[in-house]
Amino acid sequence: MSLLEQIQKDYIAAMKNRDEIKKSALNYIIAQMKNKKIEIQKELEDWDVIKILKKEIKAICETIGFLEKTDKVEELEEEKAKKVILEFYLPQCKSKEETKTIIEWLISELWITELAKQRWQIMWAIKWKYGEEVDWSIANEVINDMLK
């Protein structure tokens, strides 16, 4: 089952269970996915859905930041709940140790001799082979630690 299908299934379940927060969060994501599908004029892949989820989570984080400065406790809790709901659909990222193992393996596999100059090859290979499973900031941090 694709990520899009899972979200639609969970949206229907939220409607049946009268879970207003989950229904609201998933309804907005489904609308964003429909808009993206119209924009690119093809079916969405899981990575398209992940990009939409990440964009919405980033927007929710900004909203949470603003709400923390106010006394709107109920709205703040609702936004935090939406964030948790949407994060559930994101793939689990590799830990720093797992990322380091992947990078070390890629260095030997790609015959990297000068890490500073060939860093882009590792990053490209990570993106191509692991996609959203590896967090870019963690990968950059690991590479920077290796360069020291």
Side-chain angles (χ1 to χ4, degrees), residues 1-15 19-69 75-148:
M1 175 182 302
S2 74
L3 189 54
L4 173 60
E5 292 168 338
Q6 181 64 46
I7 290 172
Q8 290 171 331
K9 180 181 165 191
D10 291 349
Y11 172 70
I12 292 169
M15 285 195 314
D19 184 346
E20 293 301 318
I21 294 174
K22 188 171 187 176
K23 183 180 103 174
S24 171
L26 296 181
N27 185 39
Y28 184 76
I29 290 298
I30 290 170
Q32 293 299 316
M33 290 186 291
K34 286 180 182 177
N35 290 340
K36 187 67 172 180
K37 182 179 174 183
I38 291 168
E39 179 186 323
I40 64 174
Q41 297 182 356
K42 67 175 187 152
E43 292 297 320
L44 297 179
E45 301 289 330
D46 278 353
W47 62 273
D48 292 317
V49 176
I50 290 168
K51 281 184 182 178
I52 293 168
L53 286 167
K54 284 186 173 184
K55 182 178 178 184
E56 181 57 21
I57 289 169
K58 183 177 179 184
I60 289 173
C61 287
E62 290 175 5
T63 303
I64 288 171
F66 290 125
L67 288 173
E68 286 175 338
K69 297 175 185 171
E75 290 91 346
L76 177 63
E77 293 305 316
E78 184 177 323
E79 291 300 313
K80 286 181 179 180
K82 286 181 182 179
K83 181 179 177 230
V84 169
I85 290 166
L86 297 181
E87 284 176 337
F88 171 78
Y89 297 101
L90 293 178
Q92 294 296 320
C93 287
K94 304 278 188 207
S95 69
K96 188 172 181 177
E97 294 78 29
E98 292 171 318
T99 302
K100 184 175 182 179
T101 304
I102 289 169
I103 290 172
E104 288 169 346
W105 177 78
L106 286 171
I107 288 171
S108 66
E109 196 68 23
L110 298 172
W111 299 8
I112 303 292
T113 55
E114 294 184 47
L115 186 56
K117 292 182 180 179
Q118 295 175 299
R119 168 189 223 130
W120 65 271
Q121 289 178 314
I122 295 172
M123 297 304 278
W124 182 85
I126 289 171
K127 175 77 172 164
W128 185 79
K129 185 161 178 61
Y130 296 96
E132 299 294 327
E133 292 178 42
V134 175
D135 187 332
W136 283 79
S137 60
I138 293 174
N140 254 335
E141 185 180 327
V142 168
I143 292 172
N144 287 338
D145 289 346
M146 292 174 133
L147 288 171
K148 291 180 182 176

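The shown structure was predicted, so the numbers you read here are calculated from the model rather than taken from an experiment. Quick note: residue numbers are just sequence positions, from 1.
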Task: Side-chain donor-acceptor pair present, Q6, D10, cut-off under 3.5 Å - done: yes

TODO: Drop me the distance from W124's CH2 to L110's CG, to the nearest 0.5 angstrom.
DONE: 9.0 Å

Task: Student check: side-chain heavy atoms of T101 and E98 closer than 4.5 Å - done: no

Task: Nearest heavy-atom neighbours spanning I60 and E79 - done: CG2-O, 3.4 Å

- [ ] First locate atom NZ of K100, then atom CE of M146, and finally report the distance between them rounded to the nearest 0.5 Å.
- [x] 5.5 Å

- [ ] List the steps and the verdict of side-chain contact (heavy atoms from CB on, under 4.5 Å) for R119 and N140.
- [x] CA-CA 9 Å; R119 168 189 223 130; N140 254 335; 3.1 Å; yes

Open item on the list: Using a 3.5 Å distance criterion without hydrogens, assess whether the side chain of Q118 forms a donor-acceptor pair with backbone atoms of T113.
Closed with: yes

Task: Pairwise side-chain contact, K129 with I102, heavy-atom cut-off 4.5 Å (strictly under) - done: no

TODO: Apply salt bridge (Lys or Arg N to Asp or Glu O under 4.0 Å) to E68 and list each qualifying residue two or more places apart in sequence or on a separate chain.
DONE: none

Task: Side chain proximity check, I143 to M123, heavy atoms < 4.5 angstrom - done: yes

- [ ] Give a yes or no on this: more than 12 heavy atoms of other residues, nucleotides or ligands lie within 6.0 Å of atom OH of Y28.
- [x] no

Task: Closest non-hydrogen atom pair, Y89 against L26 - done: CE1-CD2, 3.7 Å

TODO: Output the distance between atom OG (S2) and atom CD (Q8), rounded to the nearest 0.5 Å.
DONE: 7.5 Å

Open item on the list: Can you confirm whether M33 sits close enough to I7 that some side-chain heavy atom of one is under 4.5 Å from a side-chain heavy atom of the other?
Closed with: yes

- [ ] Report yes if the side chains of K82 and I21 come closer than 4.5 Å at any heavy-atom pair, otherwise no.
- [x] yes

For residues 44-58, run the donor-acceptor check on the side chains, cut-off 3.5 Å, and write out each pair with its distance to 0.1 Å, sequence neighbours left out.
{"from": "D46", "atom 1": "OD1", "to": "L3", "atom 2": "N", "distance (Å)": "2.9"}
{"from": "D48", "atom 1": "OD2", "to": "E45", "atom 2": "N", "distance (Å)": "3.0"}
{"from": "K54", "atom 1": "NZ", "to": "E132", "atom 2": "OE1", "distance (Å)": "2.5"}

TODO: Starting at OG of S24, measure out to CG of D19 and round the result to the nearest 0.5 Å.
DONE: 10.0 Å

- [ ] Could you please spell out the steps behind the salt bridge (Lys or Arg N to Asp or Glu O under 4.0 Å) verdict for E39 and K36?
- [x] CA-CA 5 Å; E39 179 186 323; K36 187 67 172 180; 3.6 Å; yes

Open item on the list: Using 0.5 Å steps for rounding, measure from the CD1 atom of I29 to the CG atom of L4.
Closed with: 11.0 Å

- [ ] Evaluate the side-chain proximity of V84 to K80: yes if any heavy-atom separation is below 4.5 Å, no if none is.
- [x] no

TODO: Please lay out, stage by stage, how D135 and T99 fare under the test side-chain contact (heavy atoms from CB on, under 4.5 Å).
DONE: CA-CA 8 Å; D135 187 332; T99 302; over 6 Å; no

Task: Shortest non-hydrogen separation from K96 to I138 and the atoms involved - done: CA-CG2, 3.8 Å

Task: Shortest non-hydrogen contact between W105 and S108, atoms and distance - done: O-OG, 2.8 Å

Open item on the list: So which atom in V134 and which in A139 form the shortest heavy-atom distance, rounded to 0.1 Å?
Closed with: CG1-CB, 4.1 Å

Task: OG1 on T63 to CD on E78, rounded to 0.5 Å - done: 11.0 Å

